[in-house]
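What follows is a single structure, written as structure tokens, with notes after it.
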Amino acid sequence: MAIITRSTHPSDLWPGIYDHFGNKYKALPNQWGQVFEKGRSTKAYEQLVETTTFGLASVKPEGQSIVYDVDAEGYKTTLTHVVYGLGYIVTREENEDNQYLEVSKRRSANLAYSMRTTAEYVHWNILNRAFSTSYPIGDGAALVSAAHPTMAGNASNLLTAADLSETSLEDAMKLIMAAKNSRGLPIAVGVRRIIVPVSEAFNAQRILKTNLRPGTANNDINAIKAMGLVPEVVVSNYLTDPDAFFIQTDIPDGLMSLWRREVELEQDNDFDTENLKAKATMRFAAGIGDWRAIWGNAGA
């Protein structure tokens, strides 16, 4: 068990330190909240269940019965809440002899920062693992896959591997415009945002913000901007692949963040040791329901 004693910060026992550094960095703003839909939960787990709707109507011969169909249940996604926690223990002697009150006060702030950052990693790992079959979603395929099983055969939200460019983004728009439901019928899908790592932040802006085609001498319009196809760019500090990017659509029940318990900070004293204890916990589940809400390109 890790315990903060007087030997952990020996310099703090004596006056003379001008300042402490390394624990005053500005925290990043919340990023997972830009792409995940946050909701509340009151159960140990929550389920998202696909409904397959109906197929096409068929010709009814005169005097014959019409064809009846069933809107069956499709795949199921279970989001199970997980508790995340972290704390620290300080001896009473360390707390008494520490000459710098701001050090003790900042520990609680640092604990809160660790909890916020943990939530970022948990949420963004869903996209970091999006192409891996080791982390399947409810239908048994990877989140981004060319083989999502549907009643009309395998469907894909995997974009042709290519670095982010005007061409690769236009190709992605064409595939998204041709999206279909589980019965193979066309559906209206709009793009909400493109999600890129830090390494593609400037490239994404150049592609989407110029009036003319980026990176060429052609005098053609920038069709993506002119049509208003991608209204927003989200840059994530937590995406680990430097050339992978994702497109989030307006399909509902996509990236979900369901919270059973918000972050709670608690403090207490141990009677026998007189150690001071502080801890933080949170309980939530993050996942995805409908894979059509995310389209991914692993990069070249």
Side-chain angles (χ1 to χ4, degrees), residues 34-35 124 126-133 135-137 139 141-150 152-236 239-255 288-300:
Q34 299 178 65
V35 299
W124 287 104
I126 293 175
L127 293 186
N128 286 329
R129 301 167 176 172
F131 304 98
S132 174
T133 55
Y135 300 94
I137 63 171
D139 65 0
L143 167 54
V144 178
S145 171
H148 287 290
T150 74
N154 284 345
S156 175
N157 63 339
L158 176 64
L159 305 174
T160 302
D163 289 335
L164 179 61
S165 66
E166 179 192 25
T167 299
S168 64
L169 202 51
E170 285 185 0
D171 290 341
M173 295 298 107
K174 295 173 187 176
L175 292 174
I176 293 173
M177 290 177 179
K180 298 179 179 180
N181 67 11
S182 59
R183 287 296 189 108
L185 304 184
I187 54 177
V189 182
V191 171
R192 298 178 65 184
R193 60 184 58 90
I194 182 173
I195 306 169
V196 300
V198 171
S199 57
E200 291 288 359
F202 301 101
N203 188 28
Q205 291 294 338
R206 280 190 289 266
I207 294 171
L208 296 174
K209 300 300 183 181
T210 57
N211 291 319
L212 303 181
R213 295 186 63 186
T216 75
N218 298 327
N219 199 32
D220 302 336
I221 65 168
N222 181 341
I224 296 174
K225 180 181 179 181
M227 298 171 70
L229 295 179
V230 183
E232 182 183 22
V233 177
V234 169
V235 180
S236 171
L239 290 177
T240 55
D241 190 328
D243 61 353
F245 64 92
F246 302 89
I247 298 173
Q248 186 173 23
T249 70
D250 58 4
I251 293 291
D253 301 316
L255 292 174
I288 189 164
D290 196 330
W291 54 262
R292 297 168 184 83
I294 288 290
W295 299 66
N297 192 316

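In this chain, numbering begins with 1 at the start of the sequence shown.
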| task | Would you sort out whether Ile194 and Leu169 count as a side-chain contact (heavy atoms from CB on, under 4.5 Å), showing the intermediate values? | result | CA-CA 9 Å; Ile194 182 173; Leu169 202 51; 3.8 Å; yes
| task | Applying side-chain contact (heavy atoms from CB on, under 4.5 Å), run through Phe246 and Val196 and close with a yes or a no. | result | CA-CA 7 Å; Phe246 302 89; Val196 300; over 6 Å; no
| said: Working note: Ile187 + Lys180, criterion side-chain contact (heavy atoms from CB on, under 4.5 Å); need CA distance, chi angles, decisive distance, verdict. | reply: CA-CA 5 Å; Ile187 54 177; Lys180 298 179 179 180; 5.5 Å; no
| message | Run the side-chain contact (heavy atoms from CB on, under 4.5 Å) test on Ile195 and Leu127 for me, step by step, so that the C-alpha distance in whole Å, both residues' side-chain angles and the decisive distance to 0.1 Å come before the verdict. | response | CA-CA 10 Å; Ile195 306 169; Leu127 293 186; 4.3 Å; yes
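When atom types are taken as modelled, the side chain of Arg192 and the backbone of Ile251 share no donor-acceptor pair closer than 3.5 angstrom. Here the side chain of Gln248 pairs a donor or acceptor atom with the backbone of Val35 at under 3.5 angstrom. Although no hydrogens or angles enter the test, the distance criterion places no donor-acceptor pair under 3.5 Å between the side chain of Asp290 and the main chain of Ala293. A donor-acceptor pair under 3.5 Å links the side-chain atoms of Lys225 to the main chain of Lys209, judged by distance alone. Counting only distance, with no hydrogens or angles, the side chain of Thr133 and the backbone of Ala142 share no donor-acceptor pair below 3.5 Å. Side-chain atoms of Asn203 come within 3.5 Å of backbone atoms of Leu164 as a donor-acceptor pair (strictly under, hydrogens ignored). For the pair Ser168 (side chain) and Ser165 (backbone), a donor-acceptor distance under 3.5 Å is present.
Remark: Phe202 engages Arg206 in a side chain to side chain contact (heavy atoms under 4.5 Å, CB included) (not counting sequence neighbours). Residues passing the side chain to side chain contact (heavy atoms under 4.5 Å, CB included) test with Leu175 are Leu159, Trp295, sequence neighbours excluded. Every residue meeting the side chain to side chain contact (heavy atoms under 4.5 Å, CB included) condition with Ala152, not counting sequence neighbours, appears here in chain and number order: Thr150.
Here Ile176 contributes atom CD1 and Arg292 contributes atom CZ; the two are 13.0 Å apart, rounded to the nearest 0.5 Å. To the nearest 0.5 angstrom, Arg129 atom CZ is 14.5 Å from Asp241 atom CG.
Residue Leu143 comes nearest to Ile126 through the heavy atom pair CD2-O, 3.8 Å, listed as atom of the first residue, atom of the second, then distance. Taking both residues in full, the closest heavy atoms of Asn154 and Ala147 are given as ND2-CB, 3.8 Å, listed atom of the first, atom of the second, then distance. For Ala244 against Pro197, the heavy-atom pair with the smallest separation is O-CD, 3.1 Å.
For residues 245-255, there are no salt bridge (Lys or Arg N to Asp or Glu O under 4.0 Å) pairs, not counting sequence neighbours. Among pairs with a residue in residues 155-164, those fulfilling side-chain hydrogen bond (donor to acceptor under 3.5 Å, both in side chains) read His148-Asn157, at least two apart in sequence or across chains.
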Side chains of residues 227-235: which donor-acceptor partners sit under 3.5 Å, not counting sequence neighbours?
{"from": "Glu232", "atom 1": "OE1", "to": "Arg193", "atom 2": "NE", "distance (Å)": "2.9"}
{"from": "Glu232", "atom 1": "OE1", "to": "Arg193", "atom 2": "NH2", "distance (Å)": "3.1"}

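Here the side chains of Pro149 and Asp139 are in contact, with some heavy-atom distance below 4.5 Å. When side chains are defined from C-beta on, Asn297 does not count as touching Val144, because their heavy atoms never get closer than 4.5 Å. With contacts defined as side-chain heavy-atom distances shorter than 4.5 Å, the pair Met177/Val189 does not qualify.
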